[in-house]
Amino acid sequence: MIFLADRVNLDKRTLLTRIHTQLQTQTGTDAPVEHVRYYPSKANKLEVRATIHPERFLDASYPANTVQLHVSFDFPIEFAYDFYRIQWVDSDRELMLGWHQDDTHMNLGECHFQLDYRGDTIHRTEAVFLDRHPRNVFDHRIAQFVDVVDVLTWTDGQPTIPSDTLG
């Protein structure tokens, strides 16, 4: 049993280990996750990266064979909330989209959604602030990728996403 309200004893390394393990259980033949690793290394865990088979993950067609899921968390003591970045990275199309809950772009609140294309940020908007246990935040955001990627459209060669789907 996990005591979800217990953030005091949760550190970044422990959380990333749990996320890595959760994703690792979804690997195998016909599974959505192909490979999971720590970035930059197991000894220096800053992020969990997973290679995802998008058609299996989304249960829909997708124009690339694989994408990366990048997940990082931090617990800065000077802030009353956790920081995270949960991102879908499609290297084939030079596309990155995801949620950032941190101290950047405070004009958008504590959390924002960001869409990058070819190394430039082309869309950034306020997103719902999730004051939940980090594992619940991870599960919630991962589930949201299905809806967000589903409404991703291309207009004049650039990706666009309606802001009302970015909660």
Side-chain angles (χ1 to χ4, degrees), residues 1-27 32-52 54 57-58 67-91 95-117 119-152 161-167:
M1 184 164 118
I2 299 171
F3 184 58
L4 295 178
D6 183 14
R7 291 182 180 169
V8 174
N9 295 322
L10 188 64
D11 63 31
K12 180 167 49 175
R13 289 182 58 84
T14 302
L15 177 62
L16 291 177
T17 299
R18 290 178 182 168
I19 290 171
H20 183 280
T21 301
Q22 179 179 344
L23 289 169
Q24 190 69 40
T25 64
Q26 299 175 41
T27 62
V33 180
E34 294 182 5
H35 178 73
V36 184
R37 66 185 175 94
Y38 294 106
Y39 179 84
S41 69
K42 186 175 183 177
N44 186 20
K45 300 174 188 175
L46 299 178
E47 189 172 271
V48 171
R49 293 188 177 181
T51 303
I52 304 291
F57 179 86
L58 301 168
V67 297
Q68 291 283 314
L69 175 66
H70 295 186
V71 180
S72 64
F73 276 87
D74 200 6
F75 307 105
I77 58 173
E78 63 272 15
F79 284 86
Y81 57 93
D82 307 329
F83 284 10
Y84 64 83
R85 286 182 179 230
I86 302 174
Q87 304 176 125
W88 176 275
V89 180
D90 180 340
S91 299
L95 173 75
M96 187 286 303
L97 55 94
W99 292 270
H100 301 175
Q101 186 164 290
D102 53 27
D103 63 346
T104 64
H105 314 292
M106 292 305 287
N107 58 317
L108 298 174
E110 292 95 346
C111 186
H112 65 275
F113 179 87
Q114 186 166 314
L115 173 62
D116 291 355
Y117 179 60
D120 293 322
T121 299
I122 60 171
H123 183 79
R124 188 180 290 129
T125 190
E126 183 175 4
V128 173
F129 172 73
L130 300 176
D131 187 21
R132 302 178 187 165
H133 189 278
R135 295 278 303 270
N136 289 354
V137 169
F138 172 73
D139 290 341
H140 181 81
R141 294 299 187 202
I142 294 302
Q144 282 187 289
F145 276 129
V146 175
D147 296 332
V148 170
V149 173
D150 184 52
V151 298
L152 177 72
I161 293 181
S163 292
D164 63 347
T165 62
L166 304 176

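In this text, all values refer to a predicted model and were calculated from it rather than measured experimentally.
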S.K.: I'd like to know whether Y84 forms a side chain to side chain contact (heavy atoms under 4.5 Å, CB included) with L130, so could you lay out the CA-CA distance, the side-chain angles of the two residues, the decisive distance to 0.1 Å, and finally the verdict.
M.R.: CA-CA 11 Å; Y84 64 83; L130 300 176; 4.2 Å; yes
S.K.: Counting N and O atoms only, with roles assigned by atom type, does the side chain of R49 sit under 3.5 Å from a partner on the main chain of H35, one being a donor and the other an acceptor?
M.R.: no
S.K.: Please give me the minimum heavy-atom distance between F113 and V148, naming the atom from each residue.
M.R.: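 Looking at all heavy atoms of both residues, the closest pair is CZ-CG1, 3.8 Å.
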S.K.: Hey, what do you get for CD1 (I19) to CG (L69), rounding to the nearest 0.5 Å?
M.R.: 9.0 Å
S.K.: Aromatic rings F145 and W88: how do their planes relate, parallel, tilted or perpendicular, breaks at 30° and 60°?
M.R.: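 It falls in the tilted class, 30° to 60°.
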S.K.: I would like to know whether E34 and T27 meet side-chain hydrogen bond (donor to acceptor under 3.5 Å, both in side chains); could you show each step before the answer?
M.R.: CA-CA 5 Å; E34 294 182 5; T27 62; over 6 Å; no
S.K.: Within the 3.5 Å criterion, strictly below it, is a donor on T14 or D11 matched to an acceptor on the partner's side chain?
M.R.: yes
S.K.: Test side chain to side chain contact (heavy atoms under 4.5 Å, CB included) on V67 and V149; report intermediate values, then the result.
M.R.: CA-CA 12 Å; V67 297; V149 173; over 6 Å; no
S.K.: Quick one: are E126 and N107 in side-chain contact, heavy atoms under 4.5 Å?
M.R.: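 Of all side-chain heavy-atom pairs linking N107 with E126, none is under 4.5 Å.
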S.K.: Report the distance from atom CZ of R135 to atom CZ of R18, rounding to the nearest 0.5 Å.
M.R.: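 If we round to the nearest 0.5 Å, R135:CZ and R18:CZ are 6.5 Å apart.
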S.K.: Quick one: does Q101's side chain have a donor or acceptor within less than 3.5 Å of a partner on D82's backbone?
M.R.: yes
S.K.: To the nearest 0.5 angstrom, please state how far the CD atom of Q114 sits from the CG atom of L108.
M.R.: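 Reported to 0.5 Å precision, the distance equals 9.5 Å.
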S.K.: Please evaluate residues L16 and E47 with respect to the criterion side chain to side chain contact (heavy atoms under 4.5 Å, CB included), reporting the C-alpha separation (whole Å), side-chain torsions for both, the decisive distance (0.1 Å), and the verdict.
M.R.: CA-CA 7 Å; L16 291 177; E47 189 172 271; 5.6 Å; no
S.K.: Would Q87 and H100 count as having a side-chain donor-acceptor pair, cut-off 3.5 Å?
M.R.: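 Q87 vs H100: donor-acceptor pair found between side chains.
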S.K.: Is the count of non-hydrogen atoms from other residues, nucleotides or ligands lying under 6.0 Å from Y39 atom OH greater than 12?
M.R.: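 At most 12 heavy atoms, drawn from other residues, nucleotides or ligands, come within 6.0 Å of this atom.
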S.K.: Is D116 close to L95 at the side-chain level, that is, under 4.5 Å between some pair of heavy atoms?
M.R.: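 SC-SC contact between L95 and D116 ruled out.
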S.K.: Quick one: CZ on R132 to CZ on R141, what's the gap to the nearest 0.5 Å?
M.R.: 8.0 Å
S.K.: Please state whether the rings of F75 and F73 are parallel, tilted or perpendicular, taking 30° and 60° as the class boundaries.
M.R.: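 The rings of F75 and F73 lie parallel, inter-plane angle below 30°.
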S.K.: Would you say that Q26 contacts V36 through its side chain, given a criterion of any heavy-atom pair below 4.5 Å between the two side chains?
M.R.: no
S.K.: Is the shortest heavy-atom distance from the side chain of Y38 to the side chain of T17 under 4.5 Å?
M.R.: yes
S.K.: Look up atom OH in Y81 and atom CG in D131, then write down how far apart they are to the nearest 0.5 Å.
M.R.: 11.0 Å
S.K.: If we only count heavy atoms from C-beta on, is the I161 to V151 side-chain gap below 4.5 Å?
M.R.: yes
S.K.: Would you indicate whether the side-chain heavy atoms of V137 and W99 approach each other to under 4.5 Å?
M.R.: no
S.K.: Any side-chain heavy atom of L46 within less than 4.5 Å of one from P40?
M.R.: yes
S.K.: If you apply the rule side chain to side chain contact (heavy atoms under 4.5 Å, CB included), what do you find for D139 with Q22, and how did you get there?
M.R.: CA-CA 10 Å; D139 290 341; Q22 179 179 344; 2.8 Å; yes
S.K.: Can you tell me how far CZ of R37 sits from CG of L23, rounded to the nearest 0.5 angstrom?
M.R.: 13.0 Å
S.K.: Side-chain contact test, heavy atoms from C-beta onward, threshold under 4.5 Å: evaluate it for D150 versus L58 and give yes or no.
M.R.: no
